Amino acid sequence: MGEKYDFKSVEEKLLKEWEEKGIYRFKQGRKPVFSVDTPPPTVSGSMHLGHAYSYSHQDFIMRYKRMRGFNVFAPWGFDDNGLATERFVEKKLGIKANKMPRGEFTKKCLEVSREAEGEMIRGWKRIGMSVDWSISYHHTVSPEVIKKSQLSFIELYKKGRIYRKKMPIMWCPECGTALAQVELKDKEDDSELVYIRFKVDNGSTISIATTRPELMPACVAVFVHPDDSRYKDFVGRKASLPIFNREVPILADDKVDPSFGTGAVYHCTFGDIDDIEWVIKHDLPIIELVNKDGTFNKRAGRYEGMRSREARKEIVKDLEELGVVEKKEPVHHVVNVHERCGTEIEFIMTEQWYIKYLDLKEKLLEQGRKIKWHPAHMRVRYDNWVNGLKWDWCISRQRFFGVPFPVWYCKKCGRPIIADEDDLPVDPLVDKPRVKCECGSEEFIAEKDVMDTWATSSLTPMIALKWGQDDDFFKGMFPMDLRPQAHDIITFWAFTTIVKSYLHEKSIPWKNIMISGHALDPRGRKMSKSEGNVINPLSVIDKYGADALRFWVASSKLGEDLPFQEKDLVTGRKMINKLWNASRFVMMNLEDFSHEEYKKFNEEKLEPFDKWFLSTLNRAIKKATESFESYEYSRAKLEVENFFWHIFCDNYLEFVKSRIYNPEKRGVDAKRSAQYTLRRGLLVQLKLLAPIMPFITDEIFHRYYPEEGESIHVSEWPKYLEERYAEEREAGDAALAIVGAIRRYKSSIGKSLGYEIKGIIIHTDNPDMISSVGEDIKDASRAVEIDINKQPPAGFKELASGIEGIKLFIYD
RNA sequence: GGGCCUGUGGUCUAGUCGGUUAUGACGUCGCCUUCACACGGCGGAGGUCGCCAGUUCGAAUCUGGCCGGGCCCACCA
C-alpha cells in the first residue's frame, strides 16, 4: 500500500520549480567558480541518445561540484555554423544554397536553426541538465559570436599567424569547398589497377600500375625505388606518355614500394596527398587538371569537361585501343571521401586562408601535457594527432552560411584589406572598408568565403568568458575548469581549442578535459540514422523517467562506450522505486522523532550496530567523493547503489525493524538511536545519489527534509569523517554474516525469513564484541534466545558461520 | 601499417600498483504473499577471468607472444 511515485509528474514539477527558484543560476561574483566549456551541439533537429549520454556525464560533475560549494558556470551554446546546418536546412526546406542569393539562404538558415534549437533545448532540459539557461550564448552564427571569431582572425593576422596562399588543397567537388585533414573519412571501394606501358628513350619500355589512369594529363614524372635493380638503367631517362605524347623524367625516390604493381609509379599533380610532397621535393612542374566542380579542364584534351569516373573509363578504352594496357586487376582499396557527403576528394590549386601552426608542434604537445585528461590515456590521441600534422590549418570554406572573413581585396592591386576591430562584426558582402587601399584605390572585392566551423568552435571558452568584451571577467575566469566532450572529436574540437588558446593567450583553455564514449545500440554497434538503430532519448524518458536514463548513463566507465539495453532502464526504474519505498519506510518511523530531537542527538549514545552502519556509510562517502573528484562518476554510482540496496535496505532496515516496532523490548534509547541513524543515513545516501538521479532525490528531500534547505542540489555534500568505530565495524560485519547464515538455513528448509528460531548459540574468542550486537542478531534472525559461548544442548545444529573463529549453533 | 582501449558465468558488468570460496545486475531455477517495496526478500545453478608461455610460494591482476573486438591515425600509387 501507499503512495506510488509518479516520475512523470514529479520530474515535470521539479523542472519548473528549479527554473522558477533559479537553483542552477550562476551568481555573478560569487567564488569559488567551477567553469565548464559546454559543448555547443550541432543544430540538426533533436537531441539524440548520444547527446543524452555525454551531457549527462557533464551534469553529474556539475551537480557534484555545486554541492561541493562551487558556483557553477556553464553557459550553453549552439553550433549552427557550417555544412551540417546547411545540409539540414537544405533538406528541411527543399532548397539549394547555391541556387539562391547568400543573404537569403543565410536568413533561412537562421530561421530554421533557431526553431530547431528551441526544440533541442527542451530535450536537454528534460534530462535534467543543471544549466543556467539565462547565460547561454546561443548560437555560433550570431553577431556577438561572429564578432569574436572575426576578432580572433584579425588578432592572429596581426601576429603573423594567418596567411593566404595558393596551394594544392583537398577539395570536395560536390560541396565545392576546401577541406581540412579532419573532414576526411575513409571509404572502401572496388576499383581497377591498370598496368600501362610507357616507351622509354633508351628503346625499352616501362610499365606503371595505377588506379587513376585519368590523371595522366597531369603526369609529370615516373618514380622507381633507387635500389630497384630492374630499373637501374632507367633512372634519369625519359618516358613518353601515350595519347598525350609528352615526355616525363624517370626519377628515383625511396617512398616507392618496389613490391607494389610493377615497382614503378607515375606521378601526377594531384592524385593524392603524397603527390604534393613529391612536387615540392623534386621540384616538378604543377599541372592543374581539375576544376572546382570536379570536371577536367583543357589540359585533359579530349577528356575535358568529364569528371574523374567518366574520364577513367574513356581513357582506359583509348589506352587499350593503343595496345599499351598490359593488364587490369580488380583492387579493393580505401579512398578519402568528404565525411559530410561521401564524395571522393580531389586536389586542386586554390587560394585559401591558413593559420600557421606546423612550427608549434612541440608547444602544442606541451600544452596538452598541462591539461589533466580524464581518462589519462585519451591524451595519446591528441599527441598522435599533433605529431601527424602535415599542413597548416586551412580555415576558409567556399560555403554560404557561416562566419564571414572580415576581409576585402583591392580591386586594383589585389592587396587584402582587413576590417577595423571597432567595426566588427562585418559582412564584406554588405559592408565596405572605411579606408582607401595603400595604392589609393577605393574599389574593393569582398572576400566571400566563410570560416571553417572549427575556426569558431575552437573559441568556445573564450566566447563563454566574454573575451574581447569584458577583460576583467575574462582574466578572472580563464582558463576554464573543465571541457567535457566525446572522444571522436579530440582531434577536431579539443585540438583546435588548444591551438586558439595558445595562439591568443599562451595558455591552456581549461585545466581538465573529460572524455565520454558513445552510446551504442543493443548489439554494440554505432547508432546511426542509416542503420535505423537510433533510439530516441525522449521516448525512453517517457517510459522510464529521466532518472532511470541517467542511472543507465552512469553505469559506463568514463571514456567507454555503452550498449543500450532496455533492461538496464528497468533496473533504473526499480532503483527509483526502491528509493521511494525505503524513504517512505524511514519517514513512517520518524513521526515521533522530530527534527529538534535529531539535531540534539548525541552520537555517543548510538547503539553499536548503528555505529557500524554509519561507519560503513562513511566509507561509502569517501569512495563516492574520491570517484567524483576524479570524474569517475560510474564508481560513485556503483558504490552508492550497492550500499543503498544491499547494506541499507537488505540488512540495516531489516535489523532495526524490531527496535522500532517493539521499543518495549530494547528500550526507547535503542529506538532513538535507530531513528537518528535512519534519518541521517538516508539523507546522506540521497545526497550521494543526487548528481546521478536529481529528480527522485530532490523530491524525497522536499518531502522529508524540508529543514535541510531549498533543494538537495544546493545542499552540502556529505563530509567524510575520520575512521572510527573500528570495533563496531567488526561486530557489525560479524552480525551480518551470522544472520546471513541463518537466512540460508531457513531458505534451505523452505521456511520464510519470519520463521522463528528458538535458540542461537555463538562460540567466539571475543564475547564482548559479539554481545554488543547480540540483540541485533537476535532481532534480525527472529530468535527467541541467544547465548554466547554456552555449550549447545542436544538438538542444536551447527551452521557454517562464514567467519573465522566463530561457531554458530541453532535450534528451531 | 602505427597508436590507444578492450576481451570476466546466457547477457551487461565490478575487481586489474598479485594473496583466503571472483562483484553486482538482467535472465534462469527453488523457497518465501515477513507489517517500505512481489518493480520485493532469501537461496541455488551457472565462470579453465580470450589462448599460450614466463616471473612468483601464489596471477583475472605483472611480462612476452598469439587470437578476437572497438576507436583514432596513416595508407600502395
Side-chain angles (χ1 to χ4, degrees), chain A residues 1-5 181-182 184 186 193-194 208-213 215 222-223 255-257 259-268 271-275 278 331 333-336 375 377-385 387-390 487-491 517-518 520 522-526 544 552 555-557 559-568 570-589 634-635 638-639 641-642 645-646 649-650 653-654 657 661 739-740 742-755 782 800 802 804:
Chain A
M1 296 298 273
E3 199 187 337
K4 286 272 173 204
Y5 178 71
Q181 215 171 331
V182 289
L184 302 182
D186 287 350
L193 187 59
V194 185
I208 59 99
T210 180
T211 54
R212 302 210 54 187
L215 293 181
V222 170
F223 280 97
K255 271 199 81 171
V256 177
D257 175 4
S259 65
F260 186 89
T262 62
V265 49
Y266 86 152
H267 170 237
C268 315
D272 66 45
I273 294 165
D274 283 332
D275 289 338
W278 274 348
V331 287
H333 66 162
V334 175
V335 293
N336 285 322
H377 67 81
M378 288 294 179
R379 204 193 80 213
V380 178
R381 295 200 191 182
Y382 171 83
D383 289 349
N384 286 346
W385 176 255
N387 283 322
L389 286 173
K390 286 186 178 176
H487 57 56
D488 54 343
I489 50 172
I490 290 174
T491 56
H518 287 295
L520 304 174
R523 291 201 275 162
R525 296 171 311 176
K526 217 171 178 166
Y544 298 98
W552 165 70
S555 61
S556 78
K557 257 203 281 189
E560 292 195 358
D561 299 342
L562 185 68
F564 177 88
Q565 313 249 7
E566 187 137 1
K567 66 184 178 69
D568 295 333
V570 175
T571 306
R573 192 172 60 187
K574 286 183 179 180
M575 181 71 180
I576 293 170
N577 189 251
K578 191 83 172 171
L579 273 167
W580 183 248
N581 285 311
S583 301
R584 277 199 307 123
F585 170 76
V586 167
M587 291 308 146
M588 270 164 41
N589 295 304
S634 67
R635 281 173 189 250
L638 200 71
E639 178 65 28
E641 178 189 11
N642 283 332
W645 204 293
H646 301 297
C649 294
D650 290 351
L653 294 186
E654 296 303 324
K657 272 178 183 173
Y661 292 149
V739 171
I742 294 167
R743 283 172 171 175
R744 248 191 311 279
Y745 169 73
K746 290 181 183 177
S747 182
S748 73
I749 59 168
K751 298 292 184 187
S752 83
L753 298 182
Y755 176 72
R782 308 283 156 95
E804 211 175 325

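Predicted model only: the values in this text are computed from it and were never measured. Quick note on labels: first sequence line is chain A, next is B, and so on, each numbered from 1.
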For a quick check under 3.5 Å, do Arg381(A) and Asn384(A) share a side-chain donor-acceptor pair by atom type?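 No - no donor-acceptor pair under 3.5 Å links their side chains.
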With a 4.0 Å cut-off on heavy atoms, is [X] in touch with a base, just the backbone sugar-phosphate, or nothing at all?
X         : answer
Leu653(A) : base
Met587(A) : nothing
Gly261(A) : nothing
Glu641(A) : nothing
Asp383(A) : nothing

Pairing check on rC4(B): which nucleotide meets the Watson-Crick or G-U wobble criteria with it, both distances under 3.5 Å?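 Paired with rG70(B).
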Suppose we define a pair by two distances each less than 3.5 Å, Watson-Crick or G-U wobble; what does rU23(B) pair with here?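 By the stated definition (distances under 3.5 Å), nothing pairs with rU23(B).
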Nearest heavy atoms of Met378(A) and Gly559(A), plus distance in Å: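 Heavy-atom minimum between the residues: CE-O, 3.8 Å.
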Heavy-atom donor-acceptor pair, Lys746(A) side-chain to rC42(B) base, under 3.5 Å: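 There is none.
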Taking atom types as they are modelled, would you say the side chain of Ser747(A) forms a donor-acceptor pair with the base of rC42(B) within the 3.5 Å cutoff?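 Side chain to base: pair present.
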State whether [X] places a side-chain N or O below 4.0 Å from either non-bridging phosphate oxygen (OP1 or OP2) of [N].
X         : N       : answer
Lys390(A) : rC75(B) : yes
His646(A) : rA25(B) : yes
Lys567(A) : rU11(B) : no
Lys557(A) : rU16(B) : no
Trp645(A) : rG41(B) : yes

Rounded distance in Å - CZ (Arg744(A)) to C1' (rG30(B)):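 Rounding to the nearest Å, CZ of Arg744(A) and C1' of rG30(B) are 16 Å apart.
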Of the candidate nucleotides rC73(B), rG40(B), rU16(B), which contains the atom at the shortest distance from the side chain of Lys578(A)?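 Selected nucleotide: rG40(B).
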Which value, in whole Å, describes the distance between the C1' atoms of nucleotides rC62(B) and rU55(B)?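 8 Å, rounded to whole Å.
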Just so I know, are the side chains of Leu562(A) and Trp552(A) near enough to count as touching, which here means a heavy-atom distance under 4.5 Å?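 The answer is yes; the side chains approach within 4.5 Å.
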